[in-house]
Amino acid sequence: MPNPLRTWAVGLLALLTAGCSESRHVRITGDLDRPTVSVRRTDAGGAVRACVDWIAVFDSARGNGLDGAVWRVRSADGRCVDLESITYGQTPDGFVVDTPPQTLRADVIYEAGGHGWTGGFASVPWYGGGRYIFTDGTWQPAAGSSRP
């Protein structure tokens with residue numbers, strides 16, 4: 001007869017290791033002066049509420065490290081904060097500013113990126129990003145980007 005404790009332990013281990021992380025899109029929309037940064041599932045659909053550890057916008061010519069950031073905010077206490085979207089340059093409750101917002105320019109490729117947790121019973125980390133350029137009065141995926 002199977003040992004119920006062993007069966008439970010194996011099931012728990014399988015559940016904990018089944019999903020190591022989830023990829024998401026981080027999208028830029030709106031106008032050039034006050035764009036909105038939002039998190040989207042990769043399996044279609046609109047913006048979703050996401051538990052966010054940090055979110056940032058990088059000038060792709062300068063790289064996606066801290067030196068390339070034109071704006072970066074993160075959770076003040078290391079815990080993710082549940083958000084649907086963030087307006088560029090505004091600091092959401094529970095966040096601190098690592099890089100103050102710099103003026104965005106048209107025809108420059110920016111990368112939006114973020115990290116957090118999916119939430120729920122089997123919460124796993126999510127990470128995501130996207131490359132965008134503001135041209136012809138709107139944010140569009142940059143050449144070579146597969147982001148929607």
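Both backbone and side-chain heavy atoms feed into the values below; hydrogens, waters and symmetry mates do not.
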Partner residues of R105 under the salt bridge (Lys or Arg N to Asp or Glu O under 4.0 Å) criterion, sequence neighbours left out: D59
Going from [atom1] on [X] to [atom2] on [Y], what distance comes out if it is rounded to the nearest 0.5 angstrom?
X    : Y    : atom1 : atom2 : result
R79  : W117 : CZ    : CH2   : 14.0 Å
C51  : L83  : SG    : CG    : 8.0 Å
H115 : W126 : NE2   : CH2   : 8.0 Å

Shortest non-hydrogen contact between A106 and L32, atoms and distance: N-CD2, 3.7 Å
Listed partners of T138 passing side-chain contact (heavy atoms from CB on, under 4.5 Å), at least two apart: Q140
Contacts of Q90 that satisfy side chain to side chain donor-acceptor pair (under 3.5 Å) - sequence neighbours left out: none
Residue pairs involving residues 84-113 (criterion disulfide bond (SG atoms under 2.5 Å apart); sequence neighbours excluded): none
Under 3.5 Å side-chain donor-acceptor pair for D53 and S75: no
Connected via hydrophobic side-chain network under 4.5 Å: V96 and I55: no
Derivation of the side chain to side chain contact (heavy atoms under 4.5 Å, CB included) call for L104 and V70: CA-CA 8 Å; L104 301 176; V70 294; 3.9 Å; yes
Worked check of side chain to side chain contact (heavy atoms under 4.5 Å, CB included) between V57 and Y88: CA-CA 9 Å; V57 176; Y88 181 85; 4.1 Å; yes
Ring centre gap for W139 and F134 strictly below 6.0 Å: yes
Pairwise salt bridge (charged side-chain N to carboxylate O under 4.0 Å, His left out) hits with a residue in residues 87-103, at least two apart: R72-D98, R74-D98
Does any part of the side chain of [Y], heavy atoms only, come nearer than 4.5 Å to the side chain of [X], both counted from C-beta?
X    : Y   : result
P100 : W71 : no
V26  : V37 : yes
C80  : V52 : no

Co-members of the apolar cluster containing I133 [side chain, <4.5 Å]: I109
Intermediate values then yes/no, side chain to side chain contact (heavy atoms under 4.5 Å, CB included), S60 and R131: CA-CA 8 Å; S60 65; R131 294 168 44 91; 3.9 Å; yes
